[in-house]
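Within every chain, numbering begins at 1; the chains are lettered A, B, ... in the order of the sequence lines, protein sequences first and strands thereafter.
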Amino acid sequence: MDSAEFHAAVYETVRLIPPCRVTSYGHIAKLIGMPNHSRHVGQALKFLSPNTNPPVPWHRVIGASGAISSRGPGTQGAQRQAEALTAEGIEVSTGRTGDLRIDFSSWGWFPQPGEITREGGREYEPEEVAS
DNA sequence: TCATTGACAAAGG
DNA sequence: CCCTTTGCCAATG
């Protein structure tokens with residue numbers, strides 16, 4: 001599997017995340033079958049151009065700690081992601097250090113690699129996704 | 001080529 | 001909880 005296929009696999013998998021649910025980079029990597037490529041899931045999302053068709057709900061992917069990953073000092077990417085999540089109805093809280101976090105016990109989505117279509121994996125209409 | 005960078009994760013203290 | 005260390009590997013310079 002080359003990198004282009006990897007990126008495509010990431011997008012397809014992220015697209016399966018139901019609304020009002022979030023998962024982690026590492027779990028996406030696991031679902032693809034490459035559990036040690038969590039960092040590259042983030043890269044794939046970074047390369048994602050806005051307004052893709054079909055839409056990819058990139059905002060539903062956060063770090064395994066439950067925190068929205070920083071895009072680096074002085075950037076607003078994390079804030080934008082938080083806005084997209086709250087717009088969906090997901091609660092985003094702010095920790096002491098100003099980190100944006102989400103409660104996995106309430107919003108987490110971590111299916112095993114076989115039970116995806118059963119659980120609720122379906123495709124979403126463009127208007128359902130902010131992107 | 002070689003070195004550095006990450007939208008990461010798990011384990012240890 | 002927090003912080004540090006270690007493993008990871010495509011992309012970037």
Please give the distance between the P atoms of dT6(C) and dA7(B) as a whole number of Å.
22 Å
What pairs with [X] under side-chain contact (heavy atoms from CB on, under 4.5 Å), at least two apart in sequence or on another chain?
X: Q79(A); result: Q76(A), A82(A), E83(A), L100(A)
X: Q112(A); result: E115(A)
X: A29(A); result: V41(A)

Among pairs that include at least one residue of residues 77-107 of chain A, which meet ring pair (Phe, Tyr, Trp, His ring centres under 6.0 Å), considering only residues two or more places apart or in two chains?
F104(A)-F110(A)
With salt bridge (Lys or Arg N to Asp or Glu O under 4.0 Å) as the rule and sequence neighbours excluded, what pairs involving residues 91-100 of chain A come up?
D99(A)-R101(A)
Name all residues meeting the salt bridge (Lys or Arg N to Asp or Glu O under 4.0 Å) criterion together with D103(A); count only those two or more places apart in sequence or in a different chain, and write none if there are none.
none
Non-neighbouring partners of R39(A) that pass salt bridge (Lys or Arg N to Asp or Glu O under 4.0 Å), sequence neighbours left out
none
Outermost contacting nts on DNA chain C, any atom under 4.0 Å from chain A heavy atoms, listed 5' then 3', are dG7(C) to dT12(C)
Heavy-atom contacts under 4.0 Å between residues 1-13 of chain A and DNA chain B, which residues?
none
What residues form a ring-ring contact (aromatic ring centres under 6.0 Å, His included) with H37(A), not counting sequence neighbours?
F6(A), H40(A)
Could you report the tightest heavy-atom contact between G63(A) and S69(A), atom names first, then the distance?
N-OG, 4.1 Å
Checking Q81(A) now: which residues fulfil side chain to side chain donor-acceptor pair (under 3.5 Å) with it, not counting sequence neighbours?
R71(A)
So if I define the base as every atom that isn't primed, P, OP1 or OP2, how would nucleotides 1-13 of chain B read as a B/S/- string at a heavy-atom cutoff under 4.0 Å?
-----BBBS----
